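On a predicted model such as this, the values are computed, not experimentally measured, just so you know. So that the names make sense, note that chain A is the first sequence line, chain B the second, and so on, each numbered from 1.
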Number of protein chains: 2
Amino acid sequence: MGIDELDGRLIVLLAREPRIGVLEASRRLGVARGTVQARLDRLQSNGVIRGFGPQVDPAALGYPVTAFATLEIKQGQGSDVRAHLAGVPEVLELHTTTGTGDMLCRLVARSNADLQRVIDRVVGFEGIVRASTAIVMENPVPLRIIPLVEQAAHEG
Amino acid sequence: MGIDELDGRLIVLLAREPRIGVLEASRRLGVARGTVQARLDRLQSNGVIRGFGPQVDPAALGYPVTAFATLEIKQGQGSDVRAHLAGVPEVLELHTTTGTGDMLCRLVARSNADLQRVIDRVVGFEGIVRASTAIVMENPVPLRIIPLVEQAAHEG
DNA sequence: ACGGTGCTGGGCATTCTGTACAGCAGAAAC
DNA sequence: GTTTCTGCTGTACAGAATGCCCAGCACCGT
């Protein structure tokens, strides 16, 4: 577990220019094609690279509003709540956490008004005791991984 | 803005099997290759599909601990805090929000002990008044987009 | 009736992929 | 010191995919 400097450069390269193939990547990195292929295979079977799925922007789909909801769950209802939330398309992500709430989920909605509908649907479930929502205004740092990859690569 | 049913099927197909190319996708969808190519180009220039970058798992990089930190910021220090947090590799994501706190950020760390170091680094900045952290225990719904894509496709 | 748009099905040259092989260097084991 | 492993290099080849072009056709709004 862990990546070396070449792995790091490969991941960063792929992140910056996803369209390039193995051959082009090998040219950019200055190594043989077989090396890039072997590294890629290893990174994928390692689980470091989960895949190359399309990164879809919810805003472009018509869901420009993002919010985070902290949920407080009635004891013993955890798995029911999980299943309920998994069935709501606007729930993009769900975590169980320590701290104030029991769960934290990321929501999207078509508008601030539509967010009310989404929240009603989310919390309209008996296992949920209380919910507090924070609407996202700006996103100064979009979900990123490159800085972490570079750090991991330089450490070994 | 908005996608039709074919766009939706294309995105879902690509999400499930990212390695397939345009030709294979056209076979699966039962349409001509040119159509898939045109749709893909449109989705990308629309911004619906941002790209096909590698999805890297922080846990596999040696950062298995995830946490969300709610930050309270001293008035007028917002941009300084943003710049500070953007410089911390373990900050994967940063949002400014309404509600209790002023900012919400996603952190990763090598261990619970290491999380302390990360948090110290994050909050060790004068503009930050207070921080409360929730450590992620489980992730019942990993970041997903397919259900939303399907909903958008069936409405759109 | 008309032009515009989008899908189809085909063709072509170029390029990439998957796979295999032999050579070679460094590290680890004996 | 010598053997053995592992990983990288450089090359080769057949098969497949890509980028690009074009003509035909159906649908839609003007």
Exercise for the section: Verify, without hydrogens or angle tests, whether B:Arg33 (side chain) and B:Ala25 (backbone) share a donor-acceptor contact under 3.5 angstrom. Expected result: no
Problem - Donor-acceptor pair, side chain of A:Ser26 and main chain of A:Val36, under 3.5 angstrom - result: no
Completion exercise
Separation of C:dG6 atom C1' from B:Glu5 atom CD, nearest Å, is 16 Å
Practice task
Please check the phosphate of D:dT18 (OP1 and OP2 only) for any side-chain N or O of B:Gln37 closer than 4.0 Å.
Solution key: no
Exercise for the section: Nearest whole angstrom, please: distance from the C1' of D:dA16 to the CD1 of B:Ile20. Expected result: 15 Å
Practice task
Before giving the answer on salt bridge (charged side-chain N to carboxylate O under 4.0 Å, His left out), spell out for A:Arg117 and A:Asp114 the whole-Å C-alpha distance, their side-chain angles and the decisive distance to 0.1 Å.
Solution key: CA-CA 5 Å; A:Arg117 178 189 61 80; A:Asp114 186 54; 2.6 Å; yes
Exercise for the section: Give the rounded distance in Å between these two atoms: CD of A:Glu24 and C1' of C:dT15. Expected result: 11 Å
Practice task
Measure the distance from CD1 on B:Ile3 to P on C:dG6 and round it to the nearest whole Å.
Solution key: 17 Å
Fill in the blank from the handout: Here the distance between atom C1' of D:dG7 and atom CG of A:Leu40, to the nearest Å, is 16 Å
Exercise for the section: Using modelled atom types only, decide if a donor and an acceptor are shared between the side chain of B:His84 and the backbone of B:Arg121 within a distance under 3.5 Å. Expected result: yes
Problem - Out of C:dC7, C:dT17, D:dT18, whichever nucleotide has its closest atom nearest the side chain of B:Leu23 - result: D:dT18
Exercise for the section: Kindly indicate, with the supporting measurements, whether the criterion side-chain contact (heavy atoms from CB on, under 4.5 Å) is fulfilled by A:Leu71 and A:Leu85. Expected result: CA-CA 11 Å; A:Leu71 308 177; A:Leu85 293 175; 3.6 Å; yes
Fill in the blank from the handout: Under a 4.0 Å heavy-atom cutoff, the residues of residues 26-35 of chain A touching DNA chain C are A:Arg27, A:Arg33
Problem - Side-chain donor or acceptor of B:Asn139 paired with backbone N/O of A:Thr96 under 3.5 Å - result: no
Practice task
Indicate yes or no for a side-chain donor-acceptor contact from A:Thr98 to the backbone of B:Ile135 under 3.5 Å, with no hydrogens or angles considered.
Solution key: yes
Practice task
Return the value, rounded to whole Å, for the distance between atom CG of A:Asp41 and atom P of C:dA20.
Solution key: 13 Å
Exercise for the section: Specify the angle, to 10°, made by the local axes at the two ends of the helix from C:dA1-D:dT30 to C:dC30-D:dG1 when five pairs are taken at each end. Expected result: 50°
Practice task
Check every strand shown and say whether A:Arg42 touches a base, only sugar-phosphate, or nothing at a heavy-atom separation below 4.0 Å.
Solution key: nothing
Exercise for the section: Could you go through the salt bridge (charged side-chain N to carboxylate O under 4.0 Å, His left out) check for B:Lys74 and B:Asp80 one step at a time? Expected result: CA-CA 10 Å; B:Lys74 197 180 297 179; B:Asp80 294 329; over 6 Å; no
Handout entry: Separation of C:dC16 C1' from A:Arg19 CZ (nearest whole Å)
Key = 15 Å
Exercise for the section: For B:Asp41, check salt bridge (Lys or Arg N to Asp or Glu O under 4.0 Å) against everything at least two apart and list the hits. Expected result: none
Handout entry: Rounded interatomic separation in angstrom, taking CG from A:Asp4 and P from C:dA27
Key = 15 Å
